Amino acid sequence: QVQLAESGGGLVQAGGSLRLSCAASGRTFSNYAMGWFRQAPGKEREFVAVISWSGGSTYYLDSVKGRFTISRDNAKNTLYLQMNSLKPEDTAVYYCAATGVPGGSSRFREYDYWGQGTQVTVSS
């Protein structure tokens, strides 16, 4: 089992920044590729970004490329999502998730463990 806990969400004005963190405990964090997903009210859960177990490979949703950066610190068992130039359409609950798929995946069904989520609200 891997337990995941997100933090860092909040209310920010458009153009602002937030940094989300995801603390992992349980099984070895570095064994898993990690992803960030988000879900807005009335919408399906959406892939945002993924990072390989080593941190050497990342992949992003097109609409967040150049604005969001995913990273991880395996020594601290922590995943991050730096979000800059935020837009109202980024408003959602953000979830971190762990997968045993090498290199990670953009498909939420391939993730084995999920956090409870953290709310991000961007005002216009």
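Since we're looking at a predicted model, the values are computed, not measured.
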Enumerate, atom names and distances included, each donor-acceptor pair closer than 3.5 Å involving a side-chain atom of residues 15-23, sequence neighbours excluded.
residue, atom, partner, partner atom, Å
Ser17, OG, Asn84, OD1, 2.9

>> Holding to side-chain contact (heavy atoms from CB on, under 4.5 Å), I want the full list of residues that pass it with Ser85, two or more places apart in sequence or in another chain.
In response: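 Residues passing side-chain contact (heavy atoms from CB on, under 4.5 Å) with Ser85: Arg67.
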
>> Does anything in residues 55-92 form a disulfide (SG to SG under 2.5 Å)? List the pairs, not counting sequence neighbours.
In response: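 For residues 55-92, and leaving out neighbouring residues, there are no disulfide (SG to SG under 2.5 Å) pairs at all.
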
> How would you list all residue pairs meeting disulfide (SG to SG under 2.5 Å) that involve residues 61-93, not counting sequence neighbours?
Replying inline: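 Every pair satisfying disulfide (SG to SG under 2.5 Å) with a residue in residues 61-93: there are none.
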
> Taking all atoms of both residues into account, what is the closest heavy-atom pair of Leu11 and Ser123, and its distance?
Replying inline: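 Heavy atoms only, the tightest pair is CD1-CB, 4.4 Å.
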
> Nearest heavy-atom pair of Gly9 and Thr118: which atoms, and what distance?
Replying inline: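 Taking Gly9 first and Thr118 second, the nearest heavy atoms are N-OG1, 3.2 Å.
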
Once side chain to side chain donor-acceptor pair (under 3.5 Å) is applied, do any residues pair with [X], and if so which ones, sequence neighbours excluded?
X: Tyr111; value: none
X: Thr69; value: none
X: Lys65; value: Asp62
X: Glu89; value: none

> Taking only residues two or more places apart in sequence, or in another chain, which ones meet Arg45 in a salt bridge (Lys or Arg N to Asp or Glu O under 4.0 Å)?
Replying inline: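 Testing Arg45 for salt bridge (Lys or Arg N to Asp or Glu O under 4.0 Å), a comparison that skips the adjacent residues, returns none.
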
> Which residues satisfy the salt bridge (Lys or Arg N to Asp or Glu O under 4.0 Å) test with Lys87, sequence neighbours excluded?
Replying inline: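 Scan of Lys87 (salt bridge (Lys or Arg N to Asp or Glu O under 4.0 Å), adjacent residues dropped) gives none.
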
>> Listing request: all salt bridge (Lys or Arg N to Asp or Glu O under 4.0 Å) pairs with a residue in residues 4-18, at least two apart in sequence or in separate chains.
In response: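 Checked against salt bridge (Lys or Arg N to Asp or Glu O under 4.0 Å) - neighbours excluded - no pair reaches residues 4-18.
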
>> Filter on ring-ring contact (aromatic ring centres under 6.0 Å, His included), then keep only pairs touching residues 42-89, sequence neighbours left out; what's left?
In response: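 As it turns out, the ring-ring contact (aromatic ring centres under 6.0 Å, His included) pairs with a partner in residues 42-89, which skip direct neighbours, are Phe37-Phe47, Phe47-Tyr59.
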
